[in-house]
Amino acid sequence: AGQKHCFDFYHFQPRIIKKQEGNIKQESILFEATLEDRLKKFQVGIYTGRSRGETNYIMGKIGWKRWLSPEMIITCEDNIKKPSPAGLKLLLDKFLSRTGLYIGDTRDDLLTVQNLNREEKSIRCLSAIVTGEHSAEKKEKEKFYRDKGADLVAGNVNQVLRLVFSIAEGTRK
């Protein structure tokens, strides 16, 4: 977060690293903005292990603060930690939905969905795991997540969303 954002994100001033701009400034936005209007047609929530400040910063950077309600965002300040399914269940309850798709990129994301499906018999959530298209270990990650039972494994979030959109629009059989 650097000096500029550390207190806002984590509620302390850094003592060792004095860099003004943090690494968050260099984070790449992987979501294609051209998909935003199609995404808004769905109920969207976020369940993240990041802080509310960090999440709000990224939401502002990608423009989602304009349309995604803060009540649909679960962060570490909500005292729910993955792989607990409580965050997913809370979002599904807010959506008044018994089905969902959770897109993540870690083992805890997959376990969160699997725990929800095991604990809540009236809910079904699918897992979509994003491996990163350019990672050196992409093939190993794909195999790992398939072997662990992920419902969908993709190189990036845009591939997952395009598939969801095509199914919803009836253009994919």
Side-chain angles (χ1 to χ4, degrees), residues 1 9 21-52 54-69 72-76 80-85 87-92 95 97 99-118 123-173:
F9 292 177
E21 294 288 341
N23 291 339
I24 197 164
K25 193 77 168 173
Q26 280 75 46
E27 277 199 30
S28 299
I29 303 301
L30 303 176
F31 174 77
E32 291 177 14
T34 58
L35 300 177
E36 185 175 326
D37 286 338
R38 293 167 79 187
L39 182 61
K40 288 185 208 177
K41 296 176 184 173
F42 293 83
Q43 293 178 311
V44 177
I46 295 176
Y47 178 25
T48 180
R50 293 187 180 220
S51 72
R52 188 162 310 285
E54 206 175 349
T55 303
N56 285 335
Y57 174 85
I58 295 297
M59 298 286 290
K61 193 172 178 177
I62 63 175
W64 287 18
K65 284 179 86 171
R66 293 185 315 262
W67 61 271
L68 186 59
S69 169
M72 298 306 170
I73 302 171
I74 309 293
T75 68
C76 64
I80 305 172
K81 187 175 177 172
K82 294 183 267 182
S84 168
L88 279 182
K89 182 165 182 341
L90 183 60
L91 287 171
L92 288 167
F95 295 142
S97 180
T99 60
L101 170 68
Y102 185 80
I103 304 171
D105 63 351
T106 68
R107 185 169 187 262
D108 275 352
D109 292 324
L110 176 60
L111 290 173
T112 299
V113 172
Q114 291 173 337
N115 289 340
L116 177 78
N117 290 334
R118 187 173 26 262
I123 295 175
R124 177 67 178 140
C125 193
L126 298 175
S127 59
I129 300 297
V130 175
T131 61
E133 293 179 298
H134 305 294
S135 68
E137 59 280 338
K138 180 180 188 285
K139 294 281 186 214
E140 292 83 16
K141 284 182 175 181
E142 288 174 351
K143 182 179 180 345
F144 174 82
Y145 286 116
R146 282 191 183 98
D147 290 350
K148 293 294 181 186
D151 296 301
L152 179 65
V153 178
N156 67 58
V157 67
N158 303 303
Q159 292 170 341
V160 175
L161 293 175
R162 282 191 186 93
L163 175 64
V164 169
F165 299 155
S166 67
I167 292 168
E169 295 162 0
T171 57
R172 182 164 183 105
K173 296 178 182 177

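- The two residues C76 and S51 come nearest to each other via the heavy atoms SG-CA, 3.6 Å.
- A distance-only check finds no donor-acceptor pair linking the side chain of D151 to the backbone of A128 [under 3.5 Å].
- Interatomic distance, Q114 CD to R107 CZ, rounded to the nearest 0.5 Å: 8.5 Å.
- For the pair K89/L116, a side-chain contact is recorded, criterion being any heavy-atom separation below 4.5 Å from C-beta on.
- Side chain of Q43 to main chain of F95: a donor-acceptor pair is present (N/O by atom type, distance under 3.5 Å, no hydrogens or angles).
- Proximity of L126 to Y102: side-chain heavy atoms (C-beta onward) are nowhere separated by under 4.5 Å.
- In this structure, NZ on K143 lies 10.0 Å from NZ on K148, to the nearest 0.5 angstrom.
- Ion pairing of R66 with E36 is present here, as a side-chain N (NZ or NE/NH1/NH2) and a carboxylate O approach within less than 4.0 Å.
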Stepwise side-chain contact (heavy atoms from CB on, under 4.5 Å) test for V164 and F42: CA-CA 10 Å; V164 169; F42 293 83; 3.9 Å; yes

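- Counting heavy atoms of neighbouring residues, nucleotides and ligands inside a 6.0 Å radius, atom NZ of K40 exceeds 12 of them.
- Residues R124 and N117 form a side-chain contact, since some pair of their non-hydrogen atoms from C-beta on lies under 4.5 Å apart.
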side-chain contact (heavy atoms from CB on, under 4.5 Å) assessment of L101 paired with V160: CA-CA 10 Å; L101 170 68; V160 175; 4.1 Å; yes

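- Between the OG1 atom of T75 and the CZ atom of R50 there is a distance of 12.0 Å, given to the nearest 0.5 Å.
- With contacts defined as side-chain heavy-atom distances shorter than 4.5 Å, the pair S84/Y47 qualifies.
- In this structure, I103 and L161 have side chains that are in contact, with non-hydrogen atoms separated by less than 4.5 Å.
- Looking at F165 and K41, their side chains never come closer than 4.5 Å, going by heavy atoms from C-beta outward.
- A donor-acceptor contact closer than 3.5 angstrom links the side chains of D109 and T106.
- Within the 4.5 Å cutoff, the side chain of V113 has heavy atoms near those of the L88 side chain.
- Here CG of N158 is found 7.5 Å from OG1 of T34. Values are rounded to the nearest 0.5 Å.
- With Y145 contributing its side chain and L152 its backbone, the two residues share no donor-acceptor pair below 3.5 Å.
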E142 and K139: CA distance, side-chain angles, deciding distance, side-chain contact (heavy atoms from CB on, under 4.5 Å) verdict: CA-CA 5 Å; E142 288 174 351; K139 294 281 186 214; 4.0 Å; yes

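- We find the CZ-CD1 distance between R162 and I167 to be 14.0 Å, quoted to the nearest 0.5 Å.
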Intermediate values then yes/no, side-chain contact (heavy atoms from CB on, under 4.5 Å), T131 and F144: CA-CA 10 Å; T131 61; F144 174 82; over 6 Å; no

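- Within the 4.5 Å cutoff, the side chain of E54 has no heavy atoms near those of the T48 side chain.
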